Amino acid sequence: MSQKIAGVKGMNDLLPGEIEIWQHVEALARELFGRFGYGEVRTPMVEDTALFVRSVGEETDIVGKEMYTFEDKGGRSLSLRPEGTAPAARAYIEHSVINQEPITRWFYMGPMFRYERMKTGRYRQFYQIGAEAYGAKEAAQDAELMDMVVQFLEALELKDVSLNLNSLGDEACRPAYHTKLVEYLRSKRESLCADCQRRLETNPLRVLDCKNEGCQAIAAAGPNVLEFLCEPCRAHFDDLKRKLTALGIKFVENPRMVRGLDYYTRTVFEVIASHPALGTASTVCGGGRYDKMMKGLGGPDVPAVGFAIGLDRLVLLLKESGRKFTSSPDLFVAVADEGSQTDALTLASRLRREGLRVDFDTRGGSLKSQMKRADKSGARFTLVLGEAERTSGQAKLKPMAGGEPIPVALDDVAKTLRAQPAATPAGPA
RNA sequence: GCGGCCAUAGCUCAACUGGUUAGAGCGCCGGACUGUGACUCCGGAGGUUACCGGUUCGAUCCCGGUUGGCCGCCCCA
């Protein structure tokens, strides 16, 4: 017996029955983002490793220990993309888009890869839908982007989500805050948890969102990043809050929210969904402004702001909602006798050409078994084709939810079926 | 990367402290009803008990390893 081959750990198959949810979310994103003027881009899933090292940051966990990095046969160091912002920026630079238009709005969707310990809502191949706006440093751009996220989540009918907002300042004010924070945390070192004592040296900002109660109290009493913002950063943040309010977008100002990627300046935001099905994977969207990244990658000095939505987590929430996303056939064509199979196949073909969703059991078999299949398919109507129908040219549309069969000419099936009122949701007990 | 829990049919789960041929529900296939699904009844297929090794007269059960899944930490979407 040959060995069974299993899928790679942390990388999942999506089959019919579940894929419809993904398609629903993706279709909605394309439609809605298009309304906002965002165009879709597709970049390769593999990039030069240096792209991520220079943008995401060498010291981040993502680059430091989670990338799928390998050498190709030409000796190049390549990596499976762990996120989508850097590849999009690379494409933007490479195609000199800045010289063609002053403002560019892009979105993308597709798989990302991080070698991590798996959990609910966290996989090694996971999917993001992201958007990036290049060329506008104004707070209005941040606000428009967040409006798009909010409208997207609303359209998905997701409840219990909250938008967290913060500003990390820029190169003019962040260093002073950083120094002050480290100074303060050092003075409280003995009271911090073991993890935070380590973070103090590696990534002091991370102490701010430690779950430990003692650390939270210490962080809350420490220097507030928002109080260290320089005047331009302060003005930008205030402007953003005013515009969000004008848009009717509720947000929570959270001066202790930090993000794991190095490229952010000024605005950072997260959308948190509180649902038990997500466990600790409650962040469904994260984003922010990265005004310095383009230049850092050797491109033009172009400001940018973007976000990424975790599609896997959205799908988990939609599964929990119990909503149905599958669509059923309009008609099932059943064959009464073997001699009618070719005509049935031809009929099904014609009706599909006319736009109907038609199911048909190509194996034939007893009429009873075909009826069972028709029932299971969820088809609205079943049409039985046999010798009698072929000679008379007349058949019946049997409503699977119950009721009287509707006489129909074989030449008129699509028209007659479309004229039928939608099935009544109410059924007998 | 660290700590803990778990793995039996396609799915959800049984099988007293180690003891004959590993069961049920759902699903699937067929029949009762030979041109009509659902409800009911009857029957059938489907398992190397995740994998490898050990202890034992005997292992689904005990032990070790591997792989995979879940939870917390870390981190993030």
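Note that the coordinates shown come from a computational prediction; the quantities given were computed from them, not determined experimentally. Chain A is the first sequence line, chain B the second, and so forth, proteins listed ahead of strands; every chain is numbered from 1.
Distance from the side chain of A/Glu66 is smallest for B/C75 among the nucleotides B/C75, B/C71, B/A32. The side chain of A/Met371 lies closest to B/G37 when the candidates are B/A77, B/G4, B/G37.
On the C1' atoms, B/C74 is 12 Å away from B/G3, given to the nearest whole Å. B/G37 and B/A32: their P atoms are spaced 12 Å apart (whole Å). The P atoms of B/G53 and B/G25 are separated by 35 Å, rounded to the nearest whole Å. Taking atom C1' on both nucleotides, B/A9 is separated from B/A50 by 14 Å, rounded to a whole Å. Atom name P, nucleotides B/A45 and B/C2: the rounded distance is 48 Å, in whole Å. Separating the C1' atom of B/C71 from that of B/G58 is a span of 36 Å, rounded to the nearest Å. When the P atom is compared between B/G43 and B/U67, the two are found 45 Å apart, to the nearest whole Å. The same atom, P, is picked in B/A7 and in B/U12; the two are 13 Å apart, to the nearest Å.
Looking at heavy-atom distances under 4.0 Å, A/Glu83 makes no contact with the nucleic acid at all. The residue A/Ala334 sits apart from the nucleic acid: no heavy atom pair falls under 4.0 Å. Note on A/Thr382: nothing from the nucleic acid sits closer than 4.0 angstrom, heavy atoms only. Among the atoms of the strands shown, only primed sugar atoms or phosphate atoms (P, OP1, OP2) are found under 4.0 Å from some heavy atom of A/Met118. Among the protein residues, A/Glu389 comes within range of the nucleic acid bases, having at least one heavy atom under 4.0 Å from a base atom. Among the protein residues, A/Thr60 comes within range of no part of the nucleic acid, since none of its heavy atoms lies under 4.0 Å from any strand. At a threshold of 4.0 angstrom between heavy atoms, the contacts of A/Tyr123 include nucleobase atoms, whether or not backbone atoms are also involved. Contact annotation for A/Gly121: base contact, defined as any heavy-atom pair under 4.0 Å involving a base atom. Among the atoms of the strands shown, base atoms are found under 4.0 Å from some heavy atom of A/Val384.
At least one side-chain nitrogen or oxygen of A/Lys119 sits closer than 4.0 Å to the OP1 or OP2 atom of B/G72. For the OP1/OP2 pair of B/G37 and a distance below 4.0 Å, the side-chain nitrogens and oxygens of A/Lys376 include no atom meeting the criterion. Within the 4.0 Å cut-off from OP1 or OP2 of B/U34, not a single side-chain nitrogen or oxygen of A/Ser366 is found. A close approach under 4.0 Å does occur between a side-chain nitrogen or oxygen of A/Lys9 and OP1 or OP2 of B/G69.
The OH atom of A/Tyr115 sits 15 Å away from the C1' atom of B/C74 (whole-angstrom rounding). In this structure, A/Glu116 places its CD atom 15 Å from P of B/G72, rounding to the nearest Å.
Side-chain atoms of A/Gln370 and base atoms of B/G35 include no donor and acceptor less than 3.5 Å apart.
Summarising the base pairing, B/G43 is matched to B/C29 through a Watson-Crick or G-U wobble pair whose two defining distances lie under 3.5 Å.
Remark: A/Arg124 is positioned above the aromatic ring of A/Tyr115, its terminal NZ or CZ atom under 6.0 angstrom from the ring centre and at most 45 degrees off the axis.
If A/Ser282 and A/Gly403 are placed on RNA chain B by their nearest nucleotide, the residue sitting closer to the 5' end is A/Gly403. Closest-nucleotide positions on RNA chain B for A/Gly10 and A/Arg114 were compared, and the one nearer the 5' end corresponds to A/Gly10.
The side-chain contact (heavy atoms from CB on, under 4.5 Å) test with A/Met45 singles out one residue from A/Pro87, A/Pro111, A/Ser79, and that residue is A/Pro111.
By the 5.5 angstrom centroid cut-off and the 30-degree plane limit, A/Tyr127 is classified as not stacked against the base of B/A77.
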Report task. Start with the C-alpha gap between A/Asp142 and A/His236, add the side-chain angles, then the distance that decides, and say whether side chain to side chain contact (heavy atoms under 4.5 Å, CB included) holds. Result -> CA-CA 10 Å; A/Asp142 307 43; A/His236 189 273; 3.4 Å; yes

